[in-house]
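Notes to accompany the following structure.
We name chains A, B, ... by the order of the sequence lines, and we start the count at 1 in each one.
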Amino acid sequence: MRTHLCGELRPDQIDQTVTVAGWVNKRREHSQHLAFVDLRDHSGIVQCVVDNSVDVRSEYVVKITGTVTARPEGTTNDSLGTGQIEITDVTVEVLSAAEPPPFPLDDRADDVDEMVRLRHRYLDLRRERMQRNLRVRSQVNTAVRAAMIRQQFVEVETPMLMPATPEGAREFIVPSRQRPGSFYALPQSPQLYKQLLMVGGVDRYFQIARCLRDEDLRADRQYEFMQLDMEMSFVEVDDVLNAVEQTVLDAAELVTGERPDPVQRITWHDAMNTYGIDKPDLRFGMELVELTGVFASTDFKAFASAESIKGINAKGAAADWGRNKLDGLTDTAKSFGAKGMVWMKVGSDPESGDLSLDSPVAKFLSDVEQKALIDRTDAESGDLLLLIADDWLTTCEVLGELRNRLGRPPVSQGPYRYVWVVDFPLFVGVDDATGLPRPGHHPFCHPHPEDIGLLDDPEKMASDPMSVRAWAYDLVLNGWELGSGSIRIHDAELQQKVFAILGIDEVEAEARFGFFLNPFRYGAPPHGGFAYGIDRLAAILAGEENIREVIAFPKPQSGLDPMTAAPGEIDAEILRELGLRVLPQTD
RNA sequence: GGUCCCGUAGUGCAGUCUGGAGUGCACGCCGCCCUGUCAAGGCGGAGGUCGCGAGUUCAAAUCUCGUCGGGACCGCCA
């Protein structure tokens, strides 16, 4: 039907007769017998010189045959790839007429209400930005799949209909027609199946898998999303990290043309201690500064009894933060669990150049303490210091939040800084209700061998369960968690020990996890794996702040599809066949 | 479940704080003119339940309450 794409025509094709097809991006009328039609397809735009008697308007679908001609002197357009040429002596065939689109299909649509775009997503997709994003996403999939295949991974599809499991994320439920009253669940991840594939001797499995979670939506979360899901047998942590690393570096290289640096590694403890968060954004500094020792014998009551005192230095930020904004920041700190926040603006004496601290609490701090504080934080005139005193974890977490708020660039703004966060704690604190440790990841995570001895120390487990590290790791990119994984427990005795600590006895373990763990009795290889979000990776590589921008048909925060109106009611007959009855709404 | 922000022609906005006739702007759309434009230009025109519902008031886009829709975040996402 066509000989060329619109955007690929160049002076090389001058004098050739070509046929292009696409949408009318713009018509500029000049007289009865002259008009310019910008014809657009996914590759770009080319100008066609037409007789104005032909009735083509915005978004008409047309086929144009004509001669590629050099543009007359002074009429070239450098902002267009095809700007040196135009198509003349054309015949125009209207393939489809079109109503005017409800919003402009160019950059101006970036400012249009997202609901309007989603309601007419098929029009939004015609835009250059969306065309580019879908192609970035396709490149990510391509690079990831190629990297896995290259490393001898086997692509296996796992079921979408699986048993409901009460653990973890809320699941989407599918009623069974053949067994009314029984239900499938859609997979929140292929976790169960991929470990059984290891028992099944597949050795190296991967899948670009659709996962579904019925949890509230966010900028980085949709009901359904794609993950690179992988699992390997006879491996240790490094093997998994290295295999995954190839996929994300390849993806970034294919999209951007540049291979990022090898992925850095940091332990969970160091990440918390230095950045105050388990998904640190390494693109900027403002690291947490240890100050507990500085105030070891302070008279300032808020600091005197604190287990941990740390601070951050927002360089040159003092002038940007007035009293009101600092009060707001203090409220933010409190909302993340701090008892309070100390701020100090660094000033200097115009005569001597000596630094001074302007703060409501400065008068409670000795000269020695103030000097040490300035010294430790590398403070200069104009800096803003924020200090938190609390238990270690709270101090870190609050400062990590403040650090991100004060210093973090947009997630999409380069460079790409991947980081592995390793040695996550096996347990995340103690459940208030039961007094038992709570699993950090899932209860099948392999404890760090150096810490397995701690599991037999009831006193340690009661007082400090977080000291047990796991062979669990996260992959982080520019402050976004891409995914996580672990080495799994394959040894029944160790599994039982972990269950015991979590307060799960044999009967309960059998009831909750039996279908999953019993196959391990037939010989499970040591194995581990990983999964990360393709949508998130594609969004960051496409320069987007929101995964909806790299998904063809995403849902807004409500989960209601503005284009198809899903979810909707269904026929009473279908409900009857499924043995379902809809109850009246209750409040 | 919670906190904060937003809702005015097809689209993007101003007007809302301080109530006074839908008072406007830009783009788009429709018609006419125009032979070198490229987010063309000129002239003319159409287009509005100010999200919806109550309340206060002589009078509500504007104030109050409720509700619906959207967004960011917290909870949640083992």
Which one is paired to B:A61, where only Watson-Crick or G-U wobble pairs with both distances under 3.5 angstrom count? none

A:Leu39 pairs by side-chain contact (heavy atoms from CB on, under 4.5 Å) with which of A:Val62, A:Asn25, A:Val56, A:Val90? A:Val62

In whole Å, measure the gap between the C1' atoms of B:U16 and B:C6 for me. 14 Å

Which letters describe nucleotides 32-44 of chain B, given B = protein heavy atom under 4.0 Å from base, S = only from sugar-phosphate, - = neither? --BBBBBBB----

A:Glu114 has an atom CD; how far is it from atom P of B:G70, in whole Å? 11 Å

Start with the C-alpha distance between A:Lys555 and A:Glu224, add both sets of side-chain angles, then the distance that settles salt bridge (Lys or Arg N to Asp or Glu O under 4.0 Å), and finish with yes or no. CA-CA 9 Å; A:Lys555 292 178 176 58; A:Glu224 41 186 318; 3.8 Å; yes

Which of parallel (below 30°), tilted (30 to 60°) and perpendicular (above 60°) describes A:His448 and A:Trp471? tilted

Which base sits across from B:G66 as a Watson-Crick or G-U pair, both distances under 3.5 Å? B:C52

How close do A:Glu508 and A:Gly503 get, counting heavy atoms only, and between which atoms? OE1-O, 3.8 Å

Distance, rounded to the nearest Å, where A:Asp561 contributes CG and B:G69 contributes P: 15 Å

Please work out which of the three classes, parallel, tilted or perpendicular, describes the rings of A:Trp268 and A:Phe424, given edges at 30° and 60°. tilted

Checking N1-N3 plus N6-O4 or O6-N4 for Watson-Crick, or N1-O2 and O6-N3 for wobble, each under 3.5 Å, the partner of B:G28 is none

Would you state whether a donor and an acceptor, one from the side chain of A:Arg221 and one from the base of B:C76, lie under 3.5 Å apart? yes

I need the CG-C1' distance between A:Asp113 and B:G71, as an integer number of Å. 9 Å

Sidechain-backbone polar pair: A:Arg27 side chain, A:Arg57 backbone, donor-acceptor under 3.5 Å: no

Between CG of A:Leu482 and C1' of B:C77 the distance, given in whole Å, is 16 Å

For B:G31 and A:Arg57 - does any side-chain N or O of the residue sit under 4.0 Å from the phosphate oxygens OP1/OP2? yes

Could you work out the separation of B:C30 and B:C5 based on their P atoms and round it to a whole Å? 41 Å

Any carboxylate oxygen within less than 4.0 angstrom of a Lys/Arg side-chain nitrogen, looking at A:Glu128 and A:Arg40? no

Using Watson-Crick geometry (N1-N3 plus N6-O4 or O6-N4) or G-U wobble (N1-O2, O6-N3), each under 3.5 Å, B:G19 is paired with none

Whole-Å distance between B:C74 P and A:Asp331 CG? 17 Å

Look at all strands and tell whether A:Ala109 reaches a base, only sugar-phosphate, or nothing, counting heavy atoms closer than 4.0 Å. nothing

Both A:Ser189 and A:Ser335 contact RNA chain B. Which one's nearest nucleotide lies toward the 5' end? A:Ser335

Under-4.0 Å side-chain N/O to phosphate OP1/OP2 contact, A:Gln188 with B:C77: no

Given 3.5 Å as the limit, does a donor-acceptor pair link the side chain of A:Arg213 with the main chain of A:Gln188, or not? yes

What distance, rounded to whole Å, do you find between the two C1' atoms, one in B:A61 and one in B:A14? 12 Å

Any base atoms under 4.0 Å from A:Asn546, or only sugar-phosphate, or nothing? Heavy atoms, all strands. sugar-phosphate

Rounded to the nearest angstrom, tell me the gap between atom CG in A:Leu217 and atom P in B:G75. 16 Å

Most 5' of A:Glu401 and A:Ala169 on RNA chain B, judged by nearest nucleotide: A:Glu401

Which nucleotide, in any strand shown, forms a Watson-Crick or G-U wobble pair with B:G36, with both distances under 3.5 Å? none

Please report the distance, rounded to the nearest Å, between CG in A:Asp111 and P in B:G12. 9 Å

Under a 3.5 Å cut-off for both contacts, is B:A72 paired Watson-Crick or G-U wobble with anything, and if yes, with which nucleotide? B:U3

Non-neighbouring partners of A:Arg119 that pass salt bridge (charged side-chain N to carboxylate O under 4.0 Å, His left out), sequence neighbours left out: none

Please give, in whole Å, the distance from B:G69 P to A:Leu118 CG? 16 Å

Could you work out the separation of B:C58 and B:G19 based on their C1' atoms and round it to a whole Å? 12 Å

Mind checking A:Arg548 for me? I need base, sugar-phosphate or nothing, with any heavy atom below 4.0 Å counting as a touch. sugar-phosphate

Separation of the C1' atoms in B:G44 and B:G51, to the nearest angstrom: 33 Å

Would you say A:Ser558 reaches B:G70's phosphate, i.e. side-chain N/O to OP1/OP2 under 4.0 Å? yes

Can you check the distance between B:C13 and B:G48, where both ends of the measurement are the C1' atom (answer in whole Å)? 15 Å

Given that both distances must come in under 3.5 Å, which nucleotide forms a Watson-Crick or G-U wobble pair with B:A9? none

Please report whether the ring centroid of A:Phe520 lies less than 6.0 Å from that of A:His490. no

Cation-pi check, A:Arg127 onto A:Phe103 ring (under 6.0 Å, within 45° of axis): no

Should the ring pair A:Tyr473 and A:Phe530 be called parallel, tilted or perpendicular, given that the plane angle runs from 0 to 90° and is split at 30 and 60? parallel

Taking atom P in both B:U62 and B:U57, what distance in whole Å separates the two? 16 Å

Every protein N/O within reach of nucleotides 1-4 of chain B N/O, cut-off under 3.5 Å:
unit_1 : atom_1 : unit_2   : atom_2 : d
B:G1   : O6     : A:Asp216 : OD2    : 3.4

If we take the P atom in both B:G31 and B:A60, what is their distance in whole Å? 40 Å

